[in-house]
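Notes to accompany the following structure.
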Amino acid sequence: MVQQTLKDIFSNYVSSANIIFKNKDVLSHNYVPEVTYHREEQIRQLANILAPSLKGHGVSNCFLYGKTGTGKTLVARNVTSELKKTNNNINILYINCKMKKISDTEYRLLAEMSRLLGKEVPPTGLPTDAVYNVFLSAVENLGGNLILILDEIDALVNKIGDEILYNLTRINQNINTTKVSIIGISNSVSFLETLDPRVRSTLSEEEIIFPPYNYNQLKDILKQRADMAFNDGVIQPGVIEKCAALAAQEHGDARKALDLLRIAAELAEREKSPKVEIRHVDMAESKLDSDRIIEIVRMQPKQSLAVLAAIIRLVESKQEDIQTGDVFSIYEEICSRTGLKILTQRRVSDLIAELDMLGIINTRVISKGRYGRTREIRITLGEPITENIKKILRENYLL
DNA sequence: GTCAATTCACATGAAAGAGACCACGGTCTAGTG
DNA sequence: CTAGACCGTGGTCTCTTTCATGTGAATTGACGA
């Protein structure tokens, strides 16, 4: 019986899968298209900066910034891979600093870079300077040029400070066989200002700005990908326009536009609808939001969930302006009921701030004059998402 | 009525501890020839 | 003799606590008009 239903599901999937999608991978974040629309200027600038490496000369460090989904990573990867095709002596090292387990500590970053250069480093146990030496010798053996792309470099600096960048920018002084240059990529324009002046001046010898895409540009990009991704005539008129419009509202994020299109199509496919319609885009939009939040909540450690449960209980009891102190006392209650260890208020305060950062709750630090200074906590998520969060909390016996 | 001082309830920072994980090198032990 | 088990040491990492300092406006109280 079970076997039969499984068979049905799979065979249904196989027979229906091709109605809509021709090549789904095209819509993924990692896909690098041959032609990059509306970034010709940036490509030209970056290519000019990196060109001297083709003749074995050193290259200026360079800093790319612009909001998420404005094509920074795409341009960087595109130009550098083209560079490598032309001259094999150029080595490209791409590191996404946002990825956990890499950017958490200096050690891990160095270990990851060494690993990419072919030197395995144990995940822990070695002194950091030992790993640094491993990395240095790996770079030294490389020869030629090494272009280090540090994507989401602001995440790195937030976590472990800018000392590592200082060391990296000075690497050329310790090594003469290999010429190292760095391409830093950041979402935040103000990031440079937070850096140590010495690092700032070396890192941003050249700067390239990526403005947000506007509606028409997003439409072009989506059209290009949609042609490759979908079978002919599957996309109803207006769908691409809607995706582009929604993403344009949100600081012209091409990544979001692609996500919307992909999820809308997946929803249509699941419904066995032969076409992707505008209502699928609407569904995709709310799904995108809700999935992100739910996924984040699911990944939270038990203590954070307990704090969240306390907040939700206060919201349910219709209490106005919830404060850190209120949350803490409910939290204590929840902990003693479930046998969870009670953390200090200091720590709980940090957990609340983290939940805020993740976008699960909204907080604002306000001063109530004589009555102290505290965080005002609110939940702005919609009813359906909150219900899902409550389900997760109940699974953990916290509600 | 005006204005500086006070006060509250935390926020925020810094430092340090606990306990987990891991690598490495030395020592012990059991199995093999 | 040797491979593998075991142990101690020294390192990192994450979460947490402890201690210290900062914050901003309502309230208070002294002062002068």
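Every chain is numbered from 1 and lettered A, B, ... according to where its sequence line falls, protein lines coming before strand lines. Just so it is clear, the values below take in all heavy atoms, side chains as well, and ignore hydrogens, waters and symmetry mates. This one's a predicted model, so the numbers in the text were calculated from it and none came from an experiment.
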Discussion item. Using the rule that Ile, Leu, Val, Met, Phe, Trp and Tyr join whenever any side-chain heavy atoms are under 4.5 Å apart, tell me whether A:Leu399 and A:Val327 fall into a single cluster.
Written reply: yes
N/O to N/O distances under 3.5 Å, protein versus nucleotides 20-23 of chain C:
| unit_1 | atom_1 | unit_2 | atom_2 | d |
| --- | --- | --- | --- | --- |
| C:dT23 | O2 | A:Arg373 | NE | 2.9 |

Worksheet item: Does a donor on one side chain and an acceptor on the other come within less than 3.5 Å for A:Asp151 and A:Tyr94?
Response: yes
Worksheet item: Can you find a side chain N or O atom of A:Ser349 that sits less than 4.0 Å from OP1 or OP2 on B:dT12?
Response: no
Worksheet item: Rounded to whole angstrom units, what separation is found between the CD atom of A:Gln345 and the C1' atom of C:dC19?
Response: 15 Å
Worksheet item: Heavy atom of residues 310-317 of chain A under 4.0 Å from DNA chain B: which residues?
Response: none
List the atom pairs, donor and acceptor, that lie under 3.5 Å between side-chain atoms in residues 251-260 of chain A and the rest of the protein, sequence neighbours left out.
| unit_1 | atom_1 | unit_2 | atom_2 | d |
| --- | --- | --- | --- | --- |
| A:His251 | NE2 | A:Thr68 | OG1 | 3.2 |
| A:Asp253 | OD1 | A:Arg255 | N | 2.9 |
| A:Asp253 | OD1 | A:Lys256 | N | 3.2 |
| A:Lys256 | NZ | A:Glu250 | OE1 | 3.0 |
| A:Asp259 | OD1 | A:His29 | NE2 | 3.0 |
| A:Asp259 | OD1 | A:Arg262 | NH2 | 3.0 |
| A:Asp259 | OD2 | A:His29 | NE2 | 3.3 |

Worksheet item: Using the benzene-type ring in the case of Trp, are the ring centres of A:Tyr65 and A:Phe210 under 6.0 Å apart?
Response: no
Worksheet item: Across the strands shown, which category fits A:Ile342 at heavy-atom distances under 4.0 angstrom: base, sugar-phosphate, nothing?
Response: sugar-phosphate
With a 3.5 Å cut-off and sequence neighbours excluded, list the donor-acceptor pairs that the side chains of residues 236-245 of chain A form with protein atoms.
| unit_1 | atom_1 | unit_2 | atom_2 | d |
| --- | --- | --- | --- | --- |
| A:Glu241 | OE1 | A:Gly238 | N | 3.2 |
| A:Lys242 | NZ | A:Asp282 | OD1 | 2.9 |

Item to complete: Grab the CZ-P distance between A:Arg108 and B:dC21 for me, whole Å please.
Response: 14 Å
Worksheet item: Between A:Gln224 and A:Tyr37, do the side chains contain an N or O donor and an N or O acceptor separated by less than 3.5 Å?
Response: no
Worksheet item: Counting only non-hydrogen atoms, which of residues 332-341 of chain A are less than 4.0 Å from DNA chain B?
Response: none
Practice prompt. Tell me whether A:Leu83 is reachable from A:Val180 by hopping between hydrophobic residues (I, L, V, M, F, W, Y) whose side-chain heavy atoms are closer than 4.5 Å.
Written response: no
Practice prompt. Take the protein atom CG of A:Leu351 and the nucleotide atom P of C:dT14, then report the distance between them rounded to whole Å.
Written response: 16 Å
Practice prompt. Would you kindly say whether A:His280 and A:Glu266 are connected by a side-chain donor-acceptor distance under 3.5 Å?
Written response: no
Worksheet item: Roughly how many Å is it from CZ in A:Arg364 to P in C:dG24, rounded to a whole number?
Response: 14 Å
Worksheet item: Does a side-chain N or O from A:Thr344 land closer than 4.0 Å to OP1 or OP2 of C:dT17, or not?
Response: yes
Worksheet item: Does A:Gln303 make a side-chain N or O approach to OP1 or OP2 of C:dC15 shorter than 4.0 Å?
Response: no
Practice prompt. Using whole Å, report how far CG of A:Leu343 lies from P of C:dT16.
Written response: 5 Å
Worksheet item: Rounded to the nearest Å, what distance is computed from the CG atom of residue A:Leu109 to the P atom of nucleotide C:dT12?
Response: 16 Å
Worksheet item: Do we get A:Lys368 above A:Tyr371's six-membered ring, with its NZ or CZ under 6.0 Å from the centre and within 45° of the axis?
Response: no
Worksheet, complete the sentence: With B for base contact, S for sugar-phosphate-only contact and - for none (protein heavy atoms under 4.0 Å), nucleotides 1-7 of chain B reads ------B
Discussion item. I need the CE-P distance between A:Met357 and B:dT12, as an integer number of Å.
Written reply: 12 Å
Worksheet entry | Nucleotide C:dT14, atom P - distance to CG of A:Asp350 in whole Å | 16 Å
Worksheet item: About how many Å separate CG of A:Asp154 and CG of A:Leu150, when rounded to the nearest 0.5 Å?
Response: 11.0 Å
Item to complete: Would you kindly say whether A:Lys55 and A:Asn87 are connected by a side-chain donor-acceptor distance under 3.5 Å?
Response: no
Worksheet entry | A:Glu41 vs A:Arg44, salt bridge (charged side-chain N to carboxylate O under 4.0 Å, His left out): CA-CA, chis, key distance, verdict | CA-CA 5 Å; A:Glu41 174 60 23; A:Arg44 202 179 50 73; 3.0 Å; yes
Practice prompt. Check whether the side chains of A:Asp356 and A:Thr363 place a donor and an acceptor atom closer than 3.5 Å, and report yes or no.
Written response: yes
Item to complete: Decide whether A:Asn61 and A:Glu206 meet the rule of one side-chain donor and one side-chain acceptor closer than 3.5 Å.
Response: no
